Structures are given as C-alpha cells and as structure tokens.
*Asks:* 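Sharing a structure with you now.
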Amino acid sequence: LPPHLEFVPLVEDVYVAACRRDHPLARKGQITWQDYFQQDYIGLDKVSGNRTLLDQALGHITPARPCICETRHVTTMLGMVEAGIGIAA
C-alpha cells in the first residue's frame, strides 16, 4: 500500500447461522465454523461479494463436507433455509 494512504474500517460484518427453529443448531447459543460445516449448508455463488469475504476469512478451515448447493442471492438462500433444505451463513 502506498505510504500516504490510510485505511479506516467503517463497519465490521457479523455473520450468523440461519436455520429453521426445529433444526438442532437452533437450540445452541453459539456455534463454531466447524459445527456449521458439518451440517447440510447452502453456499453463495462465487460472484457474491459475501462469498469473497467468507472465503478470505475462512481460508484456513477445510469444511467437513461441501455445500449442498450455491445461490447468488441471500434472499434465495433464506427461502431454502425456510424450506428445510439446509442452513446458511
């Protein structure tokens, strides 16, 4: 980075696990990414900015299983969660 530029964070994103109320994880107050990746989870498509952020932040974690499908939109993902297809971040 050029020495004359300064970067100041404006916000920090917090990610949550979205699941149906009847999912076993719903009773937990907190889970780890390892817990998350052991479930059937829905991923974001590679064109998503959120996917890029998650890939960068979680590059050190190898998921226990691949995602069951990928979507381009968070709203689609949440509809799939509501339908009981899987969980989502």
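All values reported here derive from a predicted model rather than from experimental measurement. FYI, side chains are in, hydrogens and waters are out, and symmetry mates aren't considered; it's all heavy atoms of this structure.
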*Asks:* Start with the C-alpha distance between Asp35 and Thr32, add both sets of side-chain angles, then the distance that settles side-chain hydrogen bond (donor to acceptor under 3.5 Å, both in side chains), and finish with yes or no.
*Replies:* CA-CA 5 Å; Asp35 296 335; Thr32 65; 3.3 Å; yes
*Asks:* Between Gln39 and His23, does a side-chain contact (heavy atoms from CB on, under 4.5 Å) hold up when you go through it step by step?
*Replies:* CA-CA 10 Å; Gln39 306 296 314; His23 192 280; 3.2 Å; yes
*Asks:* Which heavy atom in Ala18 sits nearest to a heavy atom in Leu78, and how many Å separate them?
*Replies:*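 Of all heavy-atom pairs spanning Ala18 and Leu78, the closest is CB-CD2, 3.8 Å.
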*Asks:* With a 4.5 Å limit on heavy-atom distance, are the side chains of Thr71 and Ile42 in contact?
*Replies:*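 SC-SC contact between Thr71 and Ile42 confirmed.
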*Asks:* Could you see if Leu54 belongs to whatever hydrophobic cluster contains Val74? Use Ile, Leu, Val, Met, Phe, Trp, Tyr and a side-chain cutoff under 4.5 Å.
*Replies:*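 In one cluster with Leu54: Val74, no.
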*Asks:* Hey, does Lys46 have a side-chain heavy atom less than 4.5 Å from the side chain of Thr52?
*Replies:* no
*Asks:* What's the spacing between Cys19 SG and Lys28 NZ if we round to 0.5 Å?
*Replies:*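 The NZ atom of Lys28 is 11.0 Å from SG of Cys19, to the nearest 0.5 Å.
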*Asks:* Examine Leu25 and Leu58 and state if one hydrophobic cluster contains both, with Ile, Leu, Val, Met, Phe, Trp and Tyr joined whenever side-chain heavy atoms are less than 4.5 Å apart.
*Replies:* yes
*Asks:* With a 4.0 Å cut-off on N to O distance, would you call Glu70 and Arg51 a salt bridge?
*Replies:* yes
*Asks:* Which value, rounded to the nearest 0.5 Å, describes the distance between Ile68 atom CD1 and Ile85 atom CD1?
*Replies:* 6.5 Å
*Asks:* Would Met80 end up clustered with Tyr41 when hydrophobic side chains under 4.5 Å apart are linked, directly or stepwise?
*Replies:* no
*Asks:* Can you tell which of Cys67, Pro63, Pro66 makes a side-chain contact (heavy atoms from CB on, under 4.5 Å) with Phe37?
*Replies:* Pro63
*Asks:* Please determine whether residues Ile87 and Leu44 belong to a single hydrophobic cluster, defined as Ile, Leu, Val, Met, Phe, Trp and Tyr linked transitively by side-chain heavy-atom distances below 4.5 Å.
*Replies:* no
*Asks:* With no hydrogens and no angle check, is any side-chain donor or acceptor of Arg20 less than 3.5 Å from a backbone partner on Glu82?
*Replies:* yes
*Asks:* Could you state the interatomic distance from OH (Tyr15) to OH (Tyr36), rounded to the nearest 0.5 Å?
*Replies:* 11.0 Å
